[in-house]
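Atom set for the values below is all heavy atoms of this structure, side chains included, hydrogens, waters and symmetry mates excluded. Every chain is numbered from 1, with letters handed out A, B, ... down the list of sequences.
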Number of protein chains: 2
Amino acid sequence: MDLLMKSLKIGVNEKLYIKDPESSTLGKNIVEQSILMIDEMGFDHFTFKKLGVKINSNESSIYRYFENKHKLLLYLATWYWGWVEYRMVFATNGISDPVKKLEKAVEILTKNVEEDSSITHVNEVVLNRLVINEYSKSYLVKEVNQENKDGYFVVYKRLVNRLSDMISAVDEKYPYPISLASNVLEGSLHQYFLKEHFPKLTNCNETVTPTKFFTDLIFRTLNQKIDG
Amino acid sequence: MDLLMKSLKIGVNEKLYIKDPESSTLGKNIVEQSILMIDEMGFDHFTFKKLGVKINSNESSIYRYFENKHKLLLYLATWYWGWVEYRMVFATNGISDPVKKLEKAVEILTKNVEEDSSITHVNEVVLNRLVINEYSKSYLVKEVNQENKDGYFVVYKRLVNRLSDMISAVDEKYPYPISLASNVLEGSLHQYFLKEHFPKLTNCNETVTPTKFFTDLIFRTLNQKIDG
DNA sequence: CAAATATAAAAGTATTACTATCATATTATA
DNA sequence: TATAATATGATAGTAATACTTTTATATTTG
(Lines give C-alpha, C1' and ligand atoms only; values in the text may rest on other atoms or scores of the structure.)
Protein backbone atom coordinates (compact mmCIF):
# COMPACT_ATOMS: atom_id res chain seq x y z
CA MET A 1 0.00 0.00 0.00
CA ASP A 2 2.86 2.37 0.72
CA LEU A 3 3.95 2.27 -2.89
CA LEU A 4 0.43 2.91 -4.01
CA MET A 5 0.20 5.88 -1.65
CA LYS A 6 3.31 7.33 -3.20
CA SER A 7 1.68 7.90 -6.53
CA LEU A 8 -1.67 8.78 -5.05
CA LYS A 9 -2.62 12.39 -4.75
CA ILE A 10 -5.43 13.09 -2.34
CA GLY A 11 -7.98 15.19 -4.22
CA VAL A 12 -8.84 18.37 -2.37
CA ASN A 13 -11.48 20.88 -3.44
CA GLU A 14 -9.73 23.54 -5.51
CA LYS A 15 -11.57 26.37 -3.82
CA LEU A 16 -9.73 25.55 -0.62
CA TYR A 17 -6.48 27.01 -1.91
CA ILE A 18 -5.38 29.87 -4.12
CA LYS A 19 -2.41 28.01 -5.49
CA ASP A 20 -2.13 24.23 -5.20
CA PRO A 21 0.36 23.56 -2.39
CA GLU A 22 1.26 20.24 -4.01
CA SER A 23 2.63 22.15 -7.00
CA SER A 24 5.76 23.54 -5.36
CA THR A 25 8.36 23.00 -2.67
CA LEU A 26 7.15 26.03 -0.75
CA GLY A 27 3.58 24.76 -0.90
CA LYS A 28 4.57 21.35 0.44
CA ASN A 29 6.59 23.04 3.13
CA ILE A 30 3.60 25.10 4.17
CA VAL A 31 1.50 21.97 4.53
CA GLU A 32 4.19 19.93 6.27
CA GLN A 33 5.21 22.54 8.80
CA SER A 34 1.74 23.94 9.46
CA ILE A 35 0.65 20.48 10.58
CA LEU A 36 3.51 20.31 13.06
CA MET A 37 2.97 23.86 14.27
CA ILE A 38 -0.80 23.62 14.73
CA ASP A 39 -0.29 20.36 16.62
CA GLU A 40 2.30 22.00 18.86
CA MET A 41 0.70 25.32 19.67
CA GLY A 42 -2.96 24.69 18.83
CA PHE A 43 -4.93 26.22 15.98
CA ASP A 44 -5.91 29.29 18.00
CA HIS A 45 -2.31 30.36 18.61
CA PHE A 46 -1.14 29.49 15.12
CA THR A 47 -0.56 32.36 12.67
CA PHE A 48 0.84 32.65 9.14
CA LYS A 49 3.46 35.02 10.47
CA LYS A 50 4.79 32.40 12.88
CA LEU A 51 4.71 29.78 10.15
CA GLY A 52 6.67 32.12 7.89
CA VAL A 53 9.43 32.40 10.48
CA LYS A 54 9.54 28.63 10.94
CA ILE A 55 9.84 27.80 7.25
CA ASN A 56 12.10 30.78 6.52
CA SER A 57 9.57 32.19 4.18
CA ASN A 58 7.43 35.28 4.09
CA GLU A 59 3.94 35.70 5.47
CA SER A 60 2.84 37.20 2.15
CA SER A 61 4.08 34.15 0.27
CA ILE A 62 1.90 31.89 2.41
CA TYR A 63 -1.09 34.07 1.64
CA ARG A 64 -0.52 33.27 -2.04
CA TYR A 65 -1.36 29.63 -1.25
CA PHE A 66 -4.11 29.95 1.34
CA GLU A 67 -6.61 32.75 1.83
CA ASN A 68 -6.44 32.37 5.61
CA LYS A 69 -5.76 29.82 8.31
CA HIS A 70 -9.35 28.63 8.34
CA LYS A 71 -9.05 27.53 4.70
CA LEU A 72 -5.76 25.86 5.54
CA LEU A 73 -7.47 23.89 8.31
CA LEU A 74 -10.22 22.85 5.90
CA TYR A 75 -7.54 21.79 3.44
CA LEU A 76 -5.70 19.68 6.01
CA ALA A 77 -8.94 18.11 7.25
CA THR A 78 -10.05 17.27 3.73
CA TRP A 79 -6.68 15.73 3.02
CA TYR A 80 -6.96 13.67 6.20
CA TRP A 81 -10.46 12.37 5.50
CA GLY A 82 -9.49 11.63 1.89
CA TRP A 83 -6.59 9.61 3.16
CA VAL A 84 -8.81 7.74 5.66
CA GLU A 85 -11.40 7.10 2.97
CA TYR A 86 -8.78 5.70 0.67
CA ARG A 87 -7.52 3.32 3.32
CA MET A 88 -11.03 2.28 4.27
CA VAL A 89 -12.12 1.53 0.71
CA PHE A 90 -8.88 -0.31 0.09
CA ALA A 91 -9.15 -2.41 3.24
CA THR A 92 -12.80 -3.37 2.84
CA ASN A 93 -12.81 -3.84 -0.91
CA GLY A 94 -12.47 -7.61 -1.09
CA ILE A 95 -14.70 -8.46 1.85
CA SER A 96 -18.07 -9.90 0.90
CA ASP A 97 -19.48 -10.70 4.34
CA PRO A 98 -21.28 -7.50 5.41
CA VAL A 99 -20.51 -8.04 9.08
CA LYS A 100 -16.80 -8.49 8.51
CA LYS A 101 -16.80 -5.61 6.08
CA LEU A 102 -18.41 -3.27 8.60
CA GLU A 103 -16.10 -4.49 11.31
CA LYS A 104 -13.07 -3.69 9.19
CA ALA A 105 -14.43 -0.29 8.21
CA VAL A 106 -15.05 0.68 11.83
CA GLU A 107 -11.56 -0.47 12.67
CA ILE A 108 -9.98 1.79 10.06
CA LEU A 109 -12.22 4.73 10.88
CA THR A 110 -11.74 4.65 14.63
CA LYS A 111 -8.28 3.36 15.19
CA ASN A 112 -5.38 5.54 16.17
CA VAL A 113 -2.87 6.35 13.46
CA GLU A 114 0.33 4.97 14.85
CA GLU A 115 2.90 5.20 12.12
CA ASP A 116 3.73 7.78 9.57
CA SER A 117 3.97 6.39 6.05
CA SER A 118 7.04 8.61 5.55
CA ILE A 119 6.19 8.76 1.88
CA THR A 120 4.72 12.20 1.63
CA HIS A 121 5.49 15.45 3.39
CA VAL A 122 2.38 14.84 5.48
CA ASN A 123 2.95 13.24 8.87
CA GLU A 124 -0.23 11.25 9.32
CA VAL A 125 0.28 10.54 13.01
CA VAL A 126 0.48 14.23 13.81
CA LEU A 127 -2.32 15.05 11.39
CA ASN A 128 -4.55 12.52 13.14
CA ARG A 129 -3.88 14.25 16.46
CA LEU A 130 -4.56 17.61 14.84
CA VAL A 131 -7.91 16.38 13.54
CA ILE A 132 -8.87 15.10 17.01
CA ASN A 133 -8.12 18.48 18.55
CA GLU A 134 -9.16 20.90 15.82
CA TYR A 135 -11.54 19.37 13.28
CA SER A 136 -14.70 20.67 14.95
CA LYS A 137 -13.46 24.22 14.55
CA SER A 138 -13.55 23.85 10.77
CA TYR A 139 -17.34 23.49 10.71
CA LEU A 140 -18.48 25.21 13.91
CA VAL A 141 -18.50 28.57 12.16
CA LYS A 142 -21.28 30.92 11.11
CA GLU A 143 -20.30 30.49 7.45
CA VAL A 144 -20.84 26.70 7.51
CA ASN A 145 -23.87 26.65 5.18
CA GLN A 146 -22.11 28.58 2.42
CA GLU A 147 -18.95 26.53 2.84
CA ASN A 148 -20.98 23.36 2.66
CA LYS A 149 -22.55 24.58 -0.58
CA ASP A 150 -19.06 25.30 -1.87
CA GLY A 151 -18.27 21.62 -1.34
CA TYR A 152 -15.70 21.92 1.43
CA PHE A 153 -17.07 18.90 3.25
CA VAL A 154 -17.81 16.46 0.45
CA VAL A 155 -15.09 13.99 1.37
CA TYR A 156 -16.24 13.75 4.97
CA LYS A 157 -19.87 13.42 3.93
CA ARG A 158 -19.00 10.68 1.46
CA LEU A 159 -17.21 8.83 4.23
CA VAL A 160 -20.20 9.02 6.56
CA ASN A 161 -22.41 7.73 3.77
CA ARG A 162 -20.10 4.83 3.01
CA LEU A 163 -20.23 3.78 6.64
CA SER A 164 -23.99 4.24 6.71
CA ASP A 165 -24.35 1.96 3.71
CA MET A 166 -22.28 -0.72 5.38
CA ILE A 167 -24.45 -0.46 8.49
CA SER A 168 -27.58 -0.91 6.39
CA ALA A 169 -25.99 -3.87 4.63
CA VAL A 170 -25.73 -5.61 7.99
CA ASP A 171 -29.19 -4.63 9.18
CA GLU A 172 -31.47 -3.12 6.59
CA LYS A 173 -34.19 -2.68 9.21
CA TYR A 174 -32.12 -0.46 11.45
CA PRO A 175 -33.83 2.95 11.24
CA TYR A 176 -30.94 5.34 11.97
CA PRO A 177 -27.92 4.24 9.90
CA ILE A 178 -26.71 7.74 9.01
CA SER A 179 -26.97 9.05 12.54
CA LEU A 180 -25.13 6.01 13.80
CA ALA A 181 -22.43 6.51 11.18
CA SER A 182 -21.96 10.22 11.90
CA ASN A 183 -22.03 9.47 15.60
CA VAL A 184 -19.25 6.90 15.26
CA LEU A 185 -17.00 9.14 13.21
CA GLU A 186 -17.39 12.21 15.35
CA GLY A 187 -17.64 10.26 18.59
CA SER A 188 -14.42 8.45 17.89
CA LEU A 189 -12.48 11.72 17.72
CA HIS A 190 -14.20 12.76 20.93
CA GLN A 191 -13.31 9.57 22.81
CA TYR A 192 -9.65 10.04 21.86
CA PHE A 193 -9.84 13.60 23.13
CA LEU A 194 -11.39 12.46 26.41
CA LYS A 195 -8.83 9.70 26.82
CA GLU A 196 -6.11 12.35 26.62
CA HIS A 197 -7.66 15.18 28.64
CA PHE A 198 -10.65 13.84 30.59
CA PRO A 199 -9.80 10.21 31.34
CA LYS A 200 -12.64 10.01 33.86
CA LEU A 201 -15.18 10.67 31.11
CA THR A 202 -14.30 7.62 29.05
CA ASN A 203 -13.70 3.91 29.52
CA CYS A 204 -11.05 4.07 26.81
CA ASN A 205 -7.49 3.64 28.01
CA GLU A 206 -4.37 1.67 27.12
CA THR A 207 -6.27 -1.59 26.79
CA VAL A 208 -9.75 -0.49 25.76
CA THR A 209 -9.59 1.38 22.46
CA PRO A 210 -12.28 3.58 20.93
CA THR A 211 -12.39 0.93 18.20
CA LYS A 212 -13.39 -1.66 20.77
CA PHE A 213 -16.04 0.59 22.27
CA PHE A 214 -17.59 1.54 18.94
CA THR A 215 -17.39 -1.92 17.42
CA ASP A 216 -19.20 -3.25 20.47
CA LEU A 217 -21.73 -0.40 20.31
CA ILE A 218 -22.52 -0.92 16.64
CA PHE A 219 -22.95 -4.66 16.81
CA ARG A 220 -25.03 -4.52 19.97
CA THR A 221 -27.21 -1.96 18.23
CA LEU A 222 -27.52 -4.06 15.10
CA ASN A 223 -28.11 -7.09 17.29
CA GLN A 224 -25.21 -9.05 15.90
CA LYS A 225 -22.77 -11.18 17.81
CA ILE A 226 -19.15 -10.49 17.17
CA ASP A 227 -16.11 -12.41 18.41
CA GLY A 228 -13.42 -10.99 20.66
CA MET B 1 -40.66 24.11 38.89
CA ASP B 2 -40.63 27.63 37.53
CA LEU B 3 -41.08 29.05 40.98
CA LEU B 4 -38.30 26.87 42.24
CA MET B 5 -36.06 28.05 39.44
CA LYS B 6 -36.70 31.62 40.45
CA SER B 7 -34.97 31.28 43.76
CA LEU B 8 -32.32 28.93 42.47
CA LYS B 9 -28.96 30.29 41.60
CA ILE B 10 -26.87 28.11 39.33
CA GLY B 11 -23.52 27.68 40.99
CA VAL B 12 -20.65 28.59 38.72
CA ASN B 13 -16.96 28.20 39.56
CA GLU B 14 -15.78 31.51 40.97
CA LYS B 15 -12.58 31.48 38.98
CA LEU B 16 -14.62 31.89 35.83
CA TYR B 17 -15.36 35.52 36.55
CA ILE B 18 -13.61 38.47 38.13
CA LYS B 19 -16.77 39.92 39.58
CA ASP B 20 -19.94 37.85 39.91
CA PRO B 21 -22.25 38.92 37.06
CA GLU B 22 -25.26 37.93 39.16
CA SER B 23 -24.35 40.64 41.64
CA SER B 24 -25.31 43.64 39.54
CA THR B 25 -27.56 44.89 36.77
CA LEU B 26 -24.62 45.42 34.46
CA GLY B 27 -23.40 41.90 35.11
CA LYS B 28 -26.79 40.40 34.31
CA ASN B 29 -26.95 42.53 31.21
CA ILE B 30 -23.58 41.26 30.07
CA VAL B 31 -24.77 37.67 30.45
CA GLU B 32 -28.16 38.24 28.88
CA GLN B 33 -26.97 40.17 25.85
CA SER B 34 -23.80 38.18 25.25
CA ILE B 35 -25.93 35.06 24.85
CA LEU B 36 -28.04 36.77 22.19
CA MET B 37 -25.03 38.25 20.43
CA ILE B 38 -22.94 35.08 20.35
CA ASP B 39 -25.95 33.22 19.03
CA GLU B 40 -26.46 35.83 16.31
CA MET B 41 -22.93 36.41 15.07
CA GLY B 42 -21.12 33.32 16.31
CA PHE B 43 -18.46 33.19 19.01
CA ASP B 44 -15.63 33.91 16.60
CA HIS B 45 -17.04 37.27 15.51
CA PHE B 46 -18.16 38.26 18.99
CA THR B 47 -16.07 40.84 20.86
CA PHE B 48 -16.40 42.72 24.14
CA LYS B 49 -16.24 45.96 22.20
CA LYS B 50 -19.34 45.04 20.18
CA LEU B 51 -21.11 43.89 23.32
CA GLY B 52 -20.29 47.21 24.98
CA VAL B 53 -21.97 49.08 22.16
CA LYS B 54 -25.04 46.85 22.37
CA ILE B 55 -25.56 47.24 26.10
CA ASN B 56 -24.55 50.91 26.10
CA SER B 57 -21.69 50.16 28.35
CA ASN B 58 -17.96 50.34 28.09
CA GLU B 59 -15.58 47.62 26.97
CA SER B 60 -13.45 48.23 30.05
CA SER B 61 -16.45 47.69 32.32
CA ILE B 62 -17.05 44.26 30.78
CA TYR B 63 -13.44 43.35 31.44
CA ARG B 64 -14.13 43.91 35.12
CA TYR B 65 -16.52 40.97 35.04
CA PHE B 66 -14.79 38.57 32.68
CA GLU B 67 -11.10 38.18 31.92
CA ASN B 68 -11.82 37.46 28.26
CA LYS B 69 -14.47 36.01 25.99
CA HIS B 70 -13.20 32.48 26.48
CA LYS B 71 -13.93 32.69 30.20
CA LEU B 72 -17.35 34.12 29.40
CA LEU B 73 -18.06 31.13 27.16
CA LEU B 74 -16.98 28.77 29.95
CA TYR B 75 -19.25 30.66 32.32
CA LEU B 76 -22.26 30.39 30.01
CA ALA B 77 -21.59 26.72 29.34
CA THR B 78 -21.26 25.95 33.03
CA TRP B 79 -24.49 27.79 33.72
CA TYR B 80 -26.20 25.78 30.97
CA TRP B 81 -25.00 22.40 32.19
CA GLY B 82 -25.87 23.33 35.76
CA TRP B 83 -29.36 24.16 34.63
CA VAL B 84 -29.64 20.89 32.68
CA GLU B 85 -28.30 18.94 35.66
CA TYR B 86 -30.84 20.55 37.94
CA ARG B 87 -33.71 19.66 35.64
CA MET B 88 -32.43 16.13 35.21
CA VAL B 89 -32.03 15.44 38.91
CA PHE B 90 -35.42 16.97 39.59
CA ALA B 91 -37.17 14.97 36.88
CA THR B 92 -35.62 11.62 37.76
CA ASN B 93 -35.68 11.99 41.50
CA GLY B 94 -38.82 10.03 42.31
CA ILE B 95 -38.37 7.26 39.76
CA SER B 96 -37.34 3.94 41.23
CA ASP B 97 -37.40 1.76 38.12
CA PRO B 98 -33.87 2.07 36.67
CA VAL B 99 -35.09 1.71 33.09
CA LYS B 100 -37.65 4.46 33.41
CA LYS B 101 -35.20 6.60 35.30
CA LEU B 102 -32.60 6.29 32.56
CA GLU B 103 -35.21 6.92 29.91
CA LYS B 104 -36.26 10.13 31.60
CA ALA B 105 -32.68 11.28 32.07
CA VAL B 106 -31.86 10.72 28.41
CA GLU B 107 -34.97 12.63 27.48
CA ILE B 108 -33.96 15.67 29.52
CA LEU B 109 -30.34 15.52 28.38
CA THR B 110 -31.03 15.21 24.69
CA LYS B 111 -34.23 17.04 24.05
CA ASN B 112 -34.40 20.44 22.47
CA VAL B 113 -35.08 23.36 24.77
CA GLU B 114 -38.23 24.82 23.39
CA GLU B 115 -39.40 27.42 25.82
CA ASP B 116 -37.69 30.06 27.79
CA SER B 117 -38.61 30.03 31.46
CA SER B 118 -38.71 33.85 31.31
CA ILE B 119 -37.79 33.89 34.93
CA THR B 120 -34.17 34.84 34.72
CA HIS B 121 -32.26 37.10 32.36
CA VAL B 122 -30.97 33.95 30.68
CA ASN B 123 -32.86 32.84 27.59
CA GLU B 124 -32.50 29.08 27.75
CA VAL B 125 -33.69 28.42 24.21
CA VAL B 126 -31.00 30.64 22.78
CA LEU B 127 -28.42 29.35 25.24
CA ASN B 128 -29.18 25.79 24.16
CA ARG B 129 -28.51 26.77 20.54
CA LEU B 130 -25.34 28.52 21.60
CA VAL B 131 -24.10 25.40 23.38
CA ILE B 132 -24.82 23.28 20.29
CA ASN B 133 -22.76 25.62 18.12
CA GLU B 134 -20.01 26.71 20.46
CA TYR B 135 -19.52 24.38 23.43
CA SER B 136 -16.70 22.39 21.82
CA LYS B 137 -14.66 25.55 21.48
CA SER B 138 -14.57 25.91 25.25
CA TYR B 139 -12.51 22.75 25.72
CA LEU B 140 -10.73 22.31 22.38
CA VAL B 141 -7.93 24.61 23.52
CA LYS B 142 -4.29 24.03 24.38
CA GLU B 143 -4.92 25.18 27.95
CA VAL B 144 -7.55 22.47 28.60
CA ASN B 145 -5.54 20.48 31.14
CA GLN B 146 -4.87 23.48 33.35
CA GLU B 147 -8.46 24.66 33.04
CA ASN B 148 -9.67 21.21 33.96
CA LYS B 149 -7.47 21.28 37.05
CA ASP B 150 -8.95 24.66 37.87
CA GLY B 151 -12.35 23.01 37.94
CA TYR B 152 -13.94 24.70 34.94
CA PHE B 153 -15.62 21.50 33.80
CA VAL B 154 -16.83 19.96 37.06
CA VAL B 155 -20.52 20.45 36.34
CA TYR B 156 -20.32 18.77 32.95
CA LYS B 157 -18.25 15.93 34.34
CA ARG B 158 -20.71 15.39 37.16
CA LEU B 159 -23.50 15.21 34.62
CA VAL B 160 -21.70 12.57 32.56
CA ASN B 161 -21.12 10.57 35.71
CA ARG B 162 -24.74 10.77 36.76
CA LEU B 163 -25.78 9.41 33.40
CA SER B 164 -23.12 6.74 33.57
CA ASP B 165 -24.43 5.61 36.94
CA MET B 166 -27.95 5.33 35.59
CA ILE B 167 -26.67 3.25 32.69
CA SER B 168 -24.91 0.91 35.09
CA ALA B 169 -28.06 0.68 37.20
CA VAL B 170 -29.88 -0.74 34.19
CA ASP B 171 -27.08 -3.08 33.13
CA GLU B 172 -24.26 -3.50 35.60
CA LYS B 173 -22.47 -5.82 33.20
CA TYR B 174 -22.20 -3.28 30.43
CA PRO B 175 -18.46 -2.54 30.19
CA TYR B 176 -18.44 1.03 28.82
CA PRO B 177 -20.98 3.10 30.77
CA ILE B 178 -18.92 6.30 30.94
CA SER B 179 -18.03 6.26 27.27
CA LEU B 180 -21.66 5.67 26.40
CA ALA B 181 -22.68 8.54 28.65
CA SER B 182 -20.14 11.00 27.27
CA ASN B 183 -21.01 9.86 23.77
CA VAL B 184 -24.69 10.56 24.30
CA LEU B 185 -24.14 14.02 25.75
CA GLU B 186 -21.69 15.16 23.14
CA GLY B 187 -23.33 13.26 20.32
CA SER B 188 -26.68 14.81 21.04
CA LEU B 189 -25.31 18.31 20.48
CA HIS B 190 -23.71 17.03 17.29
CA GLN B 191 -26.90 15.49 15.93
CA TYR B 192 -28.70 18.80 16.46
CA PHE B 193 -25.93 20.56 14.61
CA LEU B 194 -26.13 18.10 11.73
CA LYS B 195 -29.90 18.39 11.58
CA GLU B 196 -29.49 22.12 11.09
CA HIS B 197 -26.50 22.25 8.73
CA PHE B 198 -25.86 18.77 7.34
CA PRO B 199 -29.31 17.13 7.15
CA LYS B 200 -27.91 14.35 4.96
CA LEU B 201 -25.59 13.24 7.76
CA THR B 202 -28.35 12.46 10.23
CA ASN B 203 -31.67 10.65 10.39
CA CYS B 204 -32.94 13.27 12.77
CA ASN B 205 -35.58 15.60 11.38
CA GLU B 206 -38.97 17.00 12.34
CA THR B 207 -40.33 13.62 13.37
CA VAL B 208 -37.23 11.76 14.51
CA THR B 209 -35.57 13.56 17.40
CA PRO B 210 -32.07 13.05 18.74
CA THR B 211 -33.84 11.86 21.89
CA LYS B 212 -35.47 9.06 19.92
CA PHE B 213 -32.20 8.08 18.27
CA PHE B 214 -30.21 8.01 21.50
CA THR B 215 -32.93 6.35 23.56
CA ASP B 216 -33.10 3.62 20.96
CA LEU B 217 -29.31 3.37 20.84
CA ILE B 218 -28.90 3.09 24.59
CA PHE B 219 -31.60 0.48 25.13
CA ARG B 220 -30.48 -1.62 22.19
CA THR B 221 -26.99 -1.48 23.63
CA LEU B 222 -28.16 -2.44 27.09
CA ASN B 223 -30.35 -5.08 25.52
CA GLN B 224 -33.58 -3.73 26.94
CA LYS B 225 -36.90 -3.42 25.23
CA ILE B 226 -38.53 -0.04 25.42
CA ASP B 227 -41.99 0.99 24.31
CA GLY B 228 -42.68 3.54 21.65
C1' DC C 1 -22.55 64.20 53.98
C1' DA C 2 -18.21 61.74 53.22
C1' DA C 3 -16.05 57.78 51.72
C1' DA C 4 -15.98 53.89 49.13
C1' DT C 5 -17.12 51.61 45.11
C1' DA C 6 -18.83 51.02 40.34
C1' DT C 7 -19.02 52.52 35.84
C1' DA C 8 -17.82 55.47 31.76
C1' DA C 9 -14.71 57.69 28.61
C1' DA C 10 -10.62 58.01 26.34
C1' DA C 11 -6.21 56.81 25.09
C1' DG C 12 -2.52 53.59 24.47
C1' DT C 13 -0.07 48.98 23.31
C1' DA C 14 0.87 44.71 21.11
C1' DT C 15 -0.78 41.41 18.10
C1' DT C 16 -3.49 39.71 14.37
C1' DA C 17 -5.05 39.37 9.82
C1' DC C 18 -4.54 40.78 6.22
C1' DT C 19 -3.23 43.98 1.45
C1' DA C 20 -0.15 46.42 -1.52
C1' DT C 21 4.10 47.57 -3.57
C1' DC C 22 8.41 46.78 -5.23
C1' DA C 23 12.68 44.17 -5.56
C1' DT C 24 14.90 40.00 -6.59
C1' DA C 25 15.35 35.25 -7.71
C1' DT C 26 14.04 31.33 -10.50
C1' DT C 27 12.14 29.12 -14.47
C1' DA C 28 10.37 28.88 -19.13
C1' DT C 29 10.56 30.09 -23.88
C1' DA C 30 12.12 32.25 -28.36
C1' DT D 1 21.67 32.77 -24.26
C1' DA D 2 18.78 36.66 -23.75
C1' DT D 3 14.34 37.81 -22.48
C1' DA D 4 10.03 37.35 -20.58
C1' DA D 5 7.14 35.43 -17.30
C1' DT D 6 6.40 33.83 -12.83
C1' DA D 7 7.43 32.90 -7.94
C1' DT D 8 9.14 34.45 -3.86
C1' DG D 9 11.00 37.86 -0.47
C1' DA D 10 11.20 42.22 2.00
C1' DT D 11 9.01 46.10 3.65
C1' DA D 12 5.38 48.91 4.82
C1' DG D 13 0.76 49.92 5.75
C1' DT D 14 -4.28 49.36 7.48
C1' DA D 15 -8.04 48.02 10.27
C1' DA D 16 -9.49 45.21 13.85
C1' DT D 17 -8.74 42.65 18.06
C1' DA D 18 -7.63 42.01 22.74
C1' DC D 19 -6.55 43.87 25.97
C1' DT D 20 -4.47 47.71 29.98
C1' DT D 21 -4.21 52.12 32.07
C1' DT D 22 -5.71 56.41 33.67
C1' DT D 23 -8.87 59.71 34.94
C1' DA D 24 -13.45 61.40 35.48
C1' DT D 25 -18.07 60.82 36.98
C1' DA D 26 -21.79 58.44 38.93
C1' DT D 27 -23.92 55.61 42.56
C1' DT D 28 -24.11 53.29 46.80
C1' DT D 29 -23.10 52.70 51.64
C1' DG D 30 -21.82 53.95 56.40
- Between Lys49(A) and Ser60(B), which has a closest nucleotide on DNA chain C that is more 5'? Ser60(B)
- Item | Rounded distance in Å - CG (Leu26(B)) to P (dT28(D)) | 13 Å
- Task: Verify the contact: side-chain N or O of Ser61(A) to OP1 or OP2 of dG9(D), cut-off strictly under 4.0 Å; return yes or no.
- Result: yes
- Message: At 4.0 Å (heavy atoms only), tell me whether Ser24(A) reaches a base, stays on the sugar-phosphate, or touches nothing.
- Response: sugar-phosphate
- Item | Atom pair distance, as rounded to whole Å: CD1 in Ile30(B) and P in dA6(C) | 13 Å
- Whole-Å distance between dT17(D) P and His45(B) NE2? 10 Å
- Is there a side-chain contact between Leu163(A) and Ile167(A), using heavy atoms and a 4.5 Å cut-off? yes
- State, to 0.1 Å, how close His121(A) and Glu32(A) come at their nearest heavy-atom pair, and which atoms those are. O-CG, 3.3 Å
- Query: Under 4.0 angstrom, heavy atoms only, what part of the nucleic acid is Tyr65(B) near: base, sugar-phosphate, or nothing?
  - Reply: sugar-phosphate
- Item | Nearest-nucleotide pick for Asn68(A), side chain only, options being dT7(C), dC18(C), dG9(D) | dC18(C)
- Query: Given dG9(D), dC19(D), dC18(C), which nucleotide is nearest the side-chain atoms of Glu59(B)?
  - Reply: dC19(D)
- Any idea which of dT8(D), dA8(C), dT11(D) is nearest the Asn58(A) side chain? dT11(D)
- Task: Compute the ring centroids of Tyr156(B) and Tyr139(B), then answer whether they are less than 6.0 Å apart.
- Result: no
- Query: Does Asp44(B) come within less than 4.0 Å of Lys137(B), counting only side-chain N to carboxylate O?
  - Reply: yes
- Tyr63(A) has a side chain; which of dT7(C), dG9(D), dT19(C) sits nearest to it? dT19(C)
- For Glu67(A) and dT19(C), give me the distance from atom CD to atom P, rounded to whole Å. 8 Å
- Atom pair distance, as rounded to whole Å: CZ in Arg64(B) and C1' in dC19(D): 13 Å
- Take atom CG of Asp20(A) and atom C1' of dA7(D), then tell me their distance rounded to the nearest Å. 15 Å
- Using a heavy-atom cut-off of under 4.0 Å over every strand shown, decide if Thr47(A) touches base, sugar-phosphate, or nothing. sugar-phosphate
- Note on the structure: Per atom distances to the Lys19(A) side chain, the nearest of dA10(D), dT8(D), dT7(C) is dT8(D)
- Note on the structure: Rounded to whole Å, the CD1-P distance (Ile18(B) to dC19(D)) equals 10 Å
- For Phe66(A) and dA17(C), give me the distance from atom CZ to atom P, rounded to whole Å. 16 Å
- Closest-nucleotide ordering on DNA chain C, the 5'-leading residue of Ile55(B) and Lys50(A): Ile55(B)
- Of all the heavy-atom pairs spanning Phe48(B) and Ile62(B), show the shortest one and how long it is. O-CD1, 3.4 Å
- Query: How would you label the contact of Phe48(B) with the nucleic acid (heavy atoms, under 4.0 Å): base, sugar-phosphate, or nothing?
  - Reply: nothing
